[in-house]
Every structure is written in C-alpha cells, then in structure tokens.
Amino acid sequence: MPQTTADFLHRLRAFVQAEADTQRASLERQWSHSLQERVARGWAIEGLQVVHFQNGIARLRCATNDSRFREGDLVILHRGGPRDENALHFELQYDGETELEASLIRGNEYFLASQPTGWLMDQDWFDASPFYLAALDAAADTLLGRTNILPLLQGTLTPKIDYARYERARQALDQAGLNESQVEAVALAYATDLLHLIQGPPGTGKTWMLAHLARLLVQDGQRVFVTALTHRAIHNALNKIPAVDADMPVCKIGVERQTGDLKVPNFESFPESRFGELSGGYVIGATPFALQTQRLANVEFDVVLFDEASQITLPLAVMGMLAGSKYIFIGDENQLPPVTVFSAQEASQTSIFAYLGGRGDESMLDITYRLNDVLVDWPSRTFYRNALHPSPEAAVRRLNLAPEATPWDFVLDPASPAVFLDLCHQNTNVRSRVEAEAVVELALSLLTREVSPDEIGVVVPYRAQSRLIRSLMRRNLMDEDALQRLVVDTVERMQGQEREVMLVSFATASPKFAAQVADFLFQPQRLNVAVTRARSKLILVGSHHLLAADQFAPQHTESLDMLRDLIGSCLHLTVPGGLLD
C-alpha cells in the first residue's frame, strides 16, 4: 500500500526527533564522565590558558592536547563543567596541538578576559531539529510543498524533459571542452522541468560541469541557489564558476568566519549583496540553514543545485528545496552517506541521492581526470560496473620524483601506483604508533624527493591516529608551513579533495576490535573515498592481522572480502628489518 503524505512526513519528523534526542543523550553521557576520563578518552582538554582575545577570536594554549577535536568542531570553554551558565560556546578554527584558536559564538567575553587561566574545553552540539521541523511543516503547509516537493519525493510526480531545450543545451556546450557524459548530464539537467540526478564518481569534474550548468541557467535569467552540507563543498562549486564565466554574478551568503578558501564575494545577508536589484539571473551559494534565517529568509530562486547530495538527508533536502521549483542533485551514493548517529545502513537510506536514485531521472559522469589507469581499476569494477575510465592524460600519469635516494624508495617507486605496506603489527585499535612512524617517514621521504607538501595527503579512520601522526611530524622537524599544507585527516574531511600521493593508515590491527567497529571501518563508501583521492600514487599502510576471518560476523563477509580485494589489487610490501627501529 503506497505511503500517504501524512505517513511520509511523520516518518521524517520522527527521524529528525530521534536524531536530536540521541545526540543530546550521547553528549549528556559524555559530559557525565569525570574530567580525568573525558581527557583520557579525548573528549576534553584541561589546563587551557587564554593567550589573546580580540574581535571574537580566542587564542589558547595548553601543555597537552590528546583530544579528538578538529577544526570546525563546536566546543564549550568553561571552568567548572560544560553545563555551567557562564560557559562560552566556540567554534574551533585552528588546532596546532598546544596552540588553538576558536571563534566565539555566544557567551560573556568579559568573563573570559578576566580569568585567563584554568579553562577546560568540552565537546558542544547545536540542535538543528527546530530548523528541520520548520522546513517539514512548510512543505506540508505551502502550495510548493504540496504540489512539487512532496509528490516528487513520494514518486507520484514525474519529471519531464523538454527536448528542444535539451538540443539547444547540447549545441551551446559544443565548444565548452566537456566530455560526452558531462554534456549529456548538463543538457538533461537544463532541460528537465522538475528534477534530475547526476552521479559524479571521484575525479569526474562534477563542479566543472555544475559551473557550465549554472551558466546556461543564468543566461536564461534564472536565479540559481547552490547548496551543500558543508561550506567546503559550496566553496568548491562557487569557485569554479568564474573560470567558466568571469562576468556571471555569483556570491555566497554567510558569516565571514566560514569563508575559508572562498574566491567569490561573501555577504552576511542577501540585502547586502544587492543581487535583488539585478534584472537578470545570478548564482548564490549558502547552506540550507541560511534559508531559515534572516540571511536568506523569503528569498526565492528558480533552480536549486545540491552538490555532494549523497551526504544530504531527506529533511535537509526539503529545507533546500523550499527555495525553488526545480532541483538538480549532484552526488554519488558510492561515497560517504549522511553523518548520523544511526548505523551505516540506516544512514545510507536517509540520503536524498540514494532515495531518489533508480527512478530513471539520472545520468552518470564516466571519465575521471584524477585516477590513473592502475588506480581507477578497483573502484571502477567494485562500485561503477566497470563504467569509470581515466582520461588519456590521467591514465598515463605517474609520480614524479627528484633523483635523491631515500631508504623508502622501494615503497615510493612510481612504477607501482598502488602499494600495500604490511607492517605486520598486532593488537592496535584507534591508533598505531608503528603505522604513524611509517607514514611520517614516507612523508619526509616524499618531501626529500621534492614532492610538494600540497600534493601529499594522509587519510585515517580515527582522529586519534590523525593527531598522533601530526604530533610526530612536528617532532621530526617538519616546518609549520609544510605541516599546514600537508593534509592529515579522517575520511569524512577528505571527500572532495585530491592529492598526487595519498597514504591511508588503517591504524587498527586487532581483529577483535575491527569486528566491533566493522560497520564503520569496512563501510564500502569509506573505502571508496579513502582510496580515490590519489592522482598517481596510493600507499595503504596497515597489517595483515586486521583481516583475520574468524573474528567477524557473517554480515561483514562482503565488506571484508571487498577490503581483501582492494589489498590484493596492490603490490604487497613489508618493511626490511631495522628500518623502523
């Protein structure tokens, strides 16, 4: 029996409330532990000193930082407990181990300035459920929601293609330098009256394609809203647009502290942009939440482009869809699903991209400009039905090394683009010092052989391993500039990025622990993202002990086989005796 609109909305509201309740309860449990235990588990930092505070930015210093915090996290600064009414709420902007910077969101800054020492930092959380519930209410109560959004989501409204517009788009793109799959995707998205999905596997130029689509729409006088879950994804999309058309009106609406690597103008609110005075089309980027605030409240658009749509939940999609009447979702269900407190399987089911997929209103980009001929093989046959191929330029790309020799050249050899470095260690869980040391030695060797730090990335499953690696890098005389340019982060932060060389540290070498976190550690989408960031060299660093079969439940067999297949597709190396002593 088809699900009624009331039942559909009830299910989405229940999901939003369950997510909020679970997150709130989880944080309360975390706060209820003793300070000693919170510090030991990486949930808190003690002994913080306020070095400087000005214009809402606090510079902090501590003796030891083993926390799981990273840039972008919400944190609480307090002196007695995270529930203290005098606690201050910050967003962490910079984590340099013992030196940190955070921007004040709310709290009494005079209290901070008057007592510079003895501060504690704990994890914070923002309850976004009122925004989601308001969006769902609007979908139920507005004509746009009842006639467009909800019927599209429930599958009772079918998009149609205007083939005259389709042919016109193809002609306009004839000299744009796009490949056939990109041209087809843009033309179908341009010509649809309501909805189109574009699957963009790793390195297929989806933001470049998005920029060309935006230009066609703006040339028609359309007002285009570009949105995504993260500011980084929005920036990536907006930054490509001037390269396609330098005269296209484009800006972002949001707070100044979230501009980061944004290369187009940013305004705090829509009136400040003065785009409302333009007679033609334009592009505005912002998070869906901006639509629920005075920044973009009551601003209407014609088309909404969702980037990284595999990470957008249905309620968040509804929030964005309320801004316009035509929707283009660009994503890849084989990359990371939404981050939720629920299981990996449940998370993938809440993705708008996966939810709408399979209905026929979709196309796939099939040429990767990132992965070379060796690196593309495993993801293509594992996730993309052997349909993903490298461009001619990417296919022959190999790592370029300066002639100076290092002890690690047997791993760095450009003739072997995919390598599994088996350190044969045992019994590690969320951090492995021997893996961290090997990663640091490899990174230093790459720098010695004149690979730029901008072209080296390290991806890890756990923040604890990331912090250990960065700490060892600092101790091994790697200068701060190089350390900032060399990315060391978790899989979640690496989606959308690429580097010439990627080192993947599994950290876990205990089969028993791996079995406990198998849904997370062996999640297929995580593996896909981790190994598809590299352009010419992929180095997996781990231990064969991770794969001991007798520790895993039957439901993890497929994921375990997938990891074995990945490792089997790489050149298997071990470290000569004494190299890591």
Side-chain angles (χ1 to χ4, degrees), residues 22-23 25-26 29-30 33 37 40-43 66 68 333-350 378-379 382-383 420-439 458-469 489-495 503-532 538-570 572 574:
T22 305
Q23 287 185 326
S26 175
R29 285 195 300 271
Q30 185 172 306
H33 287 81
E37 189 169 1
R41 293 193 180 192
W43 295 339
D66 291 321
R68 302 182 186 183
E333 69 270 23
N334 295 308
Q335 296 188 58
L336 291 178
V339 178
T340 78
V341 297
F342 302 110
S343 71
Q345 183 177 5
E346 290 172 313
S348 64
Q349 293 171 349
T350 66
W378 186 79
T382 304
F383 297 104
F420 173 56
L421 182 60
D422 187 355
L423 301 178
C424 303
H425 56 298
Q426 302 184 54
N427 203 38
T428 56
N429 42 52
V430 297
R431 61 162 62 89
S432 165
R433 188 172 186 88
V434 68
E435 283 190 32
E437 289 173 349
V439 165
V458 180
V459 64
V460 297
Y462 317 106
R463 298 190 208 184
Q465 184 71 355
S466 170
R467 187 171 294 283
L468 176 58
I469 291 170
D489 218 328
T490 57
V491 177
E492 290 80 4
R493 294 296 182 94
M494 290 301 295
Q495 180 156 307
L503 298 99
V504 179
S505 171
F506 289 104
T508 302
S510 162
K512 183 175 182 180
F513 179 78
Q516 294 171 356
V517 297
D519 285 337
F520 167 80
L521 187 61
F522 301 143
Q523 185 186 23
Q525 296 99 322
R526 296 178 62 81
L527 289 177
N528 189 32
V529 171
V531 304
T532 56
L538 172 68
I539 304 172
L540 306 180
V541 182
S543 170
H544 67 274
H545 292 291
L546 170 65
L547 303 174
D550 59 350
Q551 298 283 342
F552 294 91
Q555 64 265 29
H556 297 133
T557 299
E558 186 175 348
S559 297
L560 195 61
D561 287 344
M562 185 180 293
L563 178 58
R564 286 198 182 100
D565 185 47
L566 167 63
I567 291 174
S569 70
C570 300
H572 195 134
T574 56

Taking the side chain as C-beta and beyond, is there a heavy-atom pair between [X] and [Y] under 4.5 Å?
{"X": "Trp378", "Y": "Thr532", "value": "no"}
{"X": "Gln523", "Y": "Ser559", "value": "no"}
{"X": "Asp561", "Y": "Thr557", "value": "yes"}

Closest non-hydrogen atom pair, [X] against [Y]:
{"X": "His33", "Y": "Arg41", "answer": "NE2-NH1, 4.1 Å"}
{"X": "Pro511", "Y": "Ala548", "answer": "CG-CB, 3.5 Å"}
{"X": "His545", "Y": "Ala509", "answer": "CB-O, 3.7 Å"}
{"X": "His556", "Y": "Asp519", "answer": "NE2-OD1, 3.0 Å"}
{"X": "Phe520", "Y": "Arg526", "answer": "O-CD, 2.8 Å"}
{"X": "Ser543", "Y": "His425", "answer": "OG-O, 2.6 Å"}

Only one of [options] clears side-chain contact (heavy atoms from CB on, under 4.5 Å) with [X]; which?
{"X": "Phe506", "options": "Leu546, Thr428, Leu423", "value": "Leu546"}
{"X": "Leu468", "options": "Arg433, Glu435, Arg463", "value": "Arg433"}
{"X": "Leu540", "options": "Leu563, Leu566, Leu421", "value": "Leu566"}

Side chain to side chain contact (heavy atoms under 4.5 Å, CB included) between Leu547 and Ile567, worked out: CA-CA 10 Å; Leu547 303 174; Ile567 291 174; 3.8 Å; yes

Partner residues of Phe420 under the ring-ring contact (aromatic ring centres under 6.0 Å, His included) criterion, sequence neighbours left out: His572

side-chain hydrogen bond (donor to acceptor under 3.5 Å, both in side chains) contacts in which one or both residues fall within residues 506-517, not counting sequence neighbours: Tyr462-Thr508

Whether Asn429 side chain and Phe513 backbone form a donor-acceptor pair below 3.5 Å: no

Short side-chain to backbone donor-acceptor contact, Gln495 and Gln335, under 3.5 Å: no

Partners passing salt bridge (Lys or Arg N to Asp or Glu O under 4.0 Å) against Arg493 (at least two apart in sequence or in another chain): Asp73

Within 6.0 angstrom of Glu558 CD, more than 12 heavy atoms from elsewhere: no

Distance, nearest 0.5 Å, that separates OG of Ser505 from CD1 of Ile539: 12.0 Å

Pairwise distance CZ(Phe552) to CG(Leu560) - rounded to 0.5 angstrom: 5.0 Å

